[in-house]
Amino acid sequence: FYQMPLLAIDPLIKLGEVERILSEVFRPAPSRPTIIGWIEEGTLEGRQVGIGNNWFVYESSLSKLIRESQSPSQQKLAA
């Protein structure tokens, strides 16, 4: 029986799930190409995985983006 080591693991979230989560935070919701652009420019931390090179985003990076978007300084910029 294999047991995972007790390390802090930063799960990868499928891009489709990232889109769904961000659609609840941002209005209008960012498009898939926009989210991929954020990964490529470093706004979000993610990677392409597997034969299909599917995009995934690290959970901690997504949480940070959402947290920063809801900070008072960002809300002033959006107003």
Side-chain angles (χ1 to χ4, degrees):
F1 175 69
Y2 176 77
Q3 187 170 2
M4 292 288 292
L6 296 175
L7 300 172
I9 297 173
D10 192 358
L12 285 167
I13 304 171
K14 288 181 179 178
L15 191 61
E17 180 68 6
V18 171
E19 286 179 289
R20 188 191 64 73
I21 293 167
L22 291 179
S23 73
E24 296 174 9
V25 176
F26 294 103
R27 299 280 183 224
S31 67
R32 180 171 283 237
T34 296
I35 297 169
I36 292 170
W38 288 348
I39 298 167
E40 291 173 336
E41 71 188 20
T43 301
L44 279 172
E45 290 182 49
R47 56 189 273 200
Q48 287 182 292
V49 177
I51 296 169
N53 284 326
N54 296 312
W55 284 101
F56 290 80
V57 173
Y58 287 99
E59 186 177 90
S60 64
S61 175
L62 181 60
S63 296
K64 181 181 175 198
L65 177 74
I66 292 169
R67 217 173 28 253
E68 289 176 352
S69 76
Q70 295 172 339
S71 72
S73 62
Q74 286 296 321
Q75 289 174 351
K76 287 178 194 163
L77 291 175

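Quick caveat, the model's predicted, so the values are computed rather than measured.
- How far CG of Leu44 is from CG of Leu62: 6.5 Å, rounded to the nearest 0.5 Å.
- Across Phe56 and Ile39, no two heavy atoms sit closer than the pair O-CD1, 4.4 Å.
- Applying the salt bridge (Lys or Arg N to Asp or Glu O under 4.0 Å) rule to pairs touching residues 32-45 yields Glu19-Arg32, sequence neighbours excluded.
- Shown here are the salt bridge (Lys or Arg N to Asp or Glu O under 4.0 Å) partners of Glu24, two or more places apart in sequence or in another chain: Arg20.
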Step-by-step side-chain contact (heavy atoms from CB on, under 4.5 Å) determination, Leu22 to Trp38: CA-CA 13 Å; Leu22 291 179; Trp38 288 348; 4.1 Å; yes
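- Taking each heavy atom of Gln70 and Val25 in turn, the nearest pair found is NE2-CG1, 4.1 Å.
- Cluster membership check: Ile35 does not share its hydrophobic cluster with Tyr58, using side-chain heavy-atom separations under 4.5 Å among Ile, Leu, Val, Met, Phe, Trp and Tyr.
- By the criterion of side-chain heavy atoms lying less than 4.5 angstrom apart, applied directly or through intervening Ile, Leu, Val, Met, Phe, Trp or Tyr residues, Leu65 is not grouped with Leu12; the two fall into different hydrophobic clusters.
- Hydrophobic clustering, with ILVMFWY side chains joined whenever heavy atoms are under 4.5 angstrom apart, groups Ile13 together with Ile36.
- With values rounded to the nearest 0.5 angstrom, Asn53 atom CG is found 11.0 Å from Arg47 atom CZ.
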Stepwise side-chain contact (heavy atoms from CB on, under 4.5 Å) test for Ile66 and Ile21: CA-CA 9 Å; Ile66 292 169; Ile21 293 167; 3.8 Å; yes
